[in-house]
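Below is one structure, written out as structure tokens, with a few remarks after it.
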Amino acid sequence: MAKETLKRDVVIIGSGPAGLTAAIYAARANLHPLLVDAPHDAEKQTAPGGQLMITTDVENYPGFSQGIQGPELMDEFRQQAERFGTEFLETWIDEVDLSERPFKLYTGEQTIQTETLIIATGASAMWLGIPGEAKIPEGFGGNGVSACATCDGPLPHFRNRSLVVVGGGDTAMEEATFLTRYAAKVYVVHRRDKLRASKIMQEKAFLNEKIEFVWNTEVTEIVGTPDEGVTGVRLRHVQTGEERILPCAGVFVAIGHKPNTDLFKGQLEMDEVGYLKTSGHSTATNVPGVFACGDVQDSVYRQAVSAAGTGCMAAIDSERFLDHLPVALPTGEEITIEGERVTPDHKAIITPDGHMIPNFSEDMMSQEE
Ligand code: NDP
């Protein structure tokens with residue numbers, strides 16, 4: 001059977017805070033966005049709504065003075081995007097072709113053609129894959145196990161208790177340091193005797209009296225009870241094989257994140273870890289008309305509110321591009337939908353056939369004279 005072809009001006013992939021904010025803005029700008037989100041799949045860690053769907057209390061999203069549950073917040077985002085006419089399609093995208101506009105997205109049943117594409121596919125926290133780590137009811141995920149100290153560290157359950165952070169990179173140092181604001185003690189459990197974290201982050205952690213390092217050690221199990229949540233971790237020394245239980249009230253897994261960018265490999269510029277590269281001045285990727293927002297292009301802040309902020313930017317960038325206005329590229333140039341490039345110093349426009357014309361209005365010329 002022939003595949004259905006859908007033609008749109010704006011397609012958004014991903015339905016976390018970034019994707020849904022892009023949808024709210026694009027829909028209000030009358031661009032009739034189509035938002036494609038991945039179906040729920042526990043193994044692939046995907047769920048419409050993104051990472052907040054596996055979070056409980058969200059206390060740092062502005063506008064909710066008493067906090068809100070992650071899934072409830074995402075439901076609000078979704079209803080707002082729906083209210084302005086966002087069209088939703090829940091399906092896997094198998095392949096994309098970004099070599100020319102309209103860009104093409106291939107799903108099992110459709111070929112989607114679009115003039116602009118907003119990528120908001122997010123990133124997934126990496127997990128240890130050990131007993132006790134899974135989400136309630138299989139494990140203690142959401143009941144003492146977390147991958148985000150900024151999100152969960154300030155919860156009352158963790159105050160003045162002993163906590164464990166797993167990992168030896170910058171994230172682990174940052175999470176451990178942050179958690180000392182609330183916890184009585186933070187153990188950093190690392191599988192080697194050297195940290196991967198930058199010198200400055202290491203020093204900060206070493207100087208913090210509440211942080212204790214547990215070297216050459218793996219966490220092999222998270223233990224607890226359904227009522228109390230996490231009560232401890234089982235540790236194994238990697239050289240001696242010796243095992244012991246370290247009592248704690250919470251475990252923060254900080255062993256890295258994986259941006260969800262496999263679909264775009266070889267078509268969009270990425271850093272060495274796989275995060276999409278965007279311009280400092282916009283959400284533009286290296287392919288004109290393709291924009292990226294949220295955690296898929298942010299390895300540093302990774303917050304719902306910063307993702308929502310870049311989602312808004314991506315929708316505005318997309319709108320500008322469709323309106324024939326120049327949009328900043330990662331190279332510092334700007335480009336229009338017709339392929340005209342404005343040089344980084346804004347002094348010239350290079351036409352698609354290679355001609356260079358001065359970028360001065362008559363007003364500016366007369367001011368210069
Ligand atoms: P990294 O990949 O840098 O570090 C991951 C850490 O987790 C490593 O120490 C690694 O151990 C350990 N690890 C990985 N897998 C396992 C496992 N299965 N079991 C036990 N330990 C494991 O990730 P980060 O998230 O820390 O940082 C990612 C990037 O983001 C980096 O470029 C970092 O600099 C940047 N970043 C910057 C920040 C800032 O500047 N404020 C804050 C946070 C991140 P091993 O060392 O043995 O490989």
Side-chain angles (χ1 to χ4, degrees), residues 43 45 51 60 122-134 139-141 145-153 163-181 186-208 211-223 230 232-244 246 248 250-262 269-278 280 292 294-307 310:
E43 209 162 292
Q45 285 190 38
Q51 292 184 76
N60 53 7
S124 310
M126 298 208 288
W127 296 97
L128 295 160
I130 55 172
E133 189 186 41
F140 302 102
V145 178
S146 167
C148 178
T150 316
C151 320
D152 299 326
L163 303 175
V164 162
V165 171
V166 188
D170 277 341
T171 302
M173 297 309 107
E174 196 168 69
E175 304 252 301
T177 306
F178 179 81
L179 288 171
T180 58
R181 294 181 193 193
V186 178
Y187 296 94
V188 175
V189 178
H190 183 38
R191 62 184 177 183
R192 293 189 296 138
D193 63 355
K194 282 195 181 58
L195 295 172
R196 181 178 295 277
S198 56
K199 203 87 193 143
I200 188 160
M201 304 281 272
Q202 294 193 21
E203 300 277 298
K204 206 168 169 202
F206 288 146
L207 286 174
N208 192 318
I211 298 179
E212 183 176 328
F213 284 84
V214 183
W215 302 106
N216 294 312
T217 299
E218 286 174 344
V219 177
T220 55
E221 186 184 352
I222 297 168
V223 293
V230 171
V233 285
R234 185 183 302 280
L235 301 180
R236 185 182 154 275
H237 195 280
V238 292
Q239 284 150 356
T240 63
E242 192 185 308
E243 290 200 2
R244 67 182 168 112
L246 175 66
C248 65
V251 181
F252 289 80
V253 179
I255 61 169
H257 283 77
K258 188 184 174 307
N260 302 319
T261 52
D262 288 352
E269 277 180 13
M270 303 177 186
D271 70 9
E272 60 287 355
V273 185
Y275 286 94
L276 295 181
K277 284 190 181 172
T278 50
D295 286 10
V296 76
Q297 52 86 58
D298 173 17
S299 63
V300 179
Y301 301 105
R302 297 194 296 237
Q303 299 302 301
V305 67
S306 51
T310 55

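Each residue takes its place number in the sequence, starting with 1. Scope of the values below: all heavy atoms of this structure, side chains included, with no hydrogens, waters or symmetry mates. Counting starts at 1 for both ligands and their atoms, in listed order.
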(message) I need the atoms of ligand 1 closer than 4.0 Å to a non-hydrogen atom of R192, numbered in the order shown.
(response) 45 (P), 46 (O), 47 (O)
(request) Heavy-atom contacts with G256 under 4.0 Å: which atoms of ligand 1 show up? List them by number with element. (result)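 Under 4.0 Å from G256, ligand 1 has these atoms: 23 (O), 25 (O).
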(request) Decide, yes or no, whether a salt bridge links R236 with E218 under the criterion of side-chain N to carboxylate O below 4.0 Å. (result) yes
Flag [atom] as yes if some protein heavy-atom distance to it falls below 4.0 Å, otherwise no.
atom: atom 29 (C) of ligand 1; result: no
atom: atom 8 (C) of ligand 1; result: yes
atom: atom 32 (O) of ligand 1; result: no

Is there a polar contact between ligand 1 and [X], counting only N or O atoms under 3.5 Å apart?
X: R196; value: yes
X: G168; value: yes
X: E174; value: yes

Nearest to [atom] by heavy atom, [options]: which?
atom: atom 38 (C) of ligand 1; options: V166, V238, D170; result: D170
atom: atom 12 (C) of ligand 1; options: T217, I255, V188; result: I255
atom: atom 15 (N) of ligand 1; options: M173, M126, R191; result: R191

(message) Could you check whether any heavy atom of L128 sits closer than 4.0 Å to an atom of ligand 1, since that is the contact criterion I want to use?
(response) yes
(message) Just to check, does H190 reach to within less than 4.0 Å of ligand 1 when the distance is taken from its heavy atoms?
(response)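 A heavy atom of H190 does come that close to ligand 1.
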(request) Could you give me the CA-CA distance, side-chain angles and deciding distance for V166 and L128, then say whether side-chain contact (heavy atoms from CB on, under 4.5 Å) is met? (result) CA-CA 9 Å; V166 188; L128 295 160; 4.1 Å; yes
(message) Do F140 and V251 have side chains that approach each other closer than 4.5 Å (heavy atoms only, starting at C-beta)?
(response) no
(message) Less than 4.5 Å apart, side chain to side chain, heavy atoms only: is that true for V145 and W127?
(response) yes
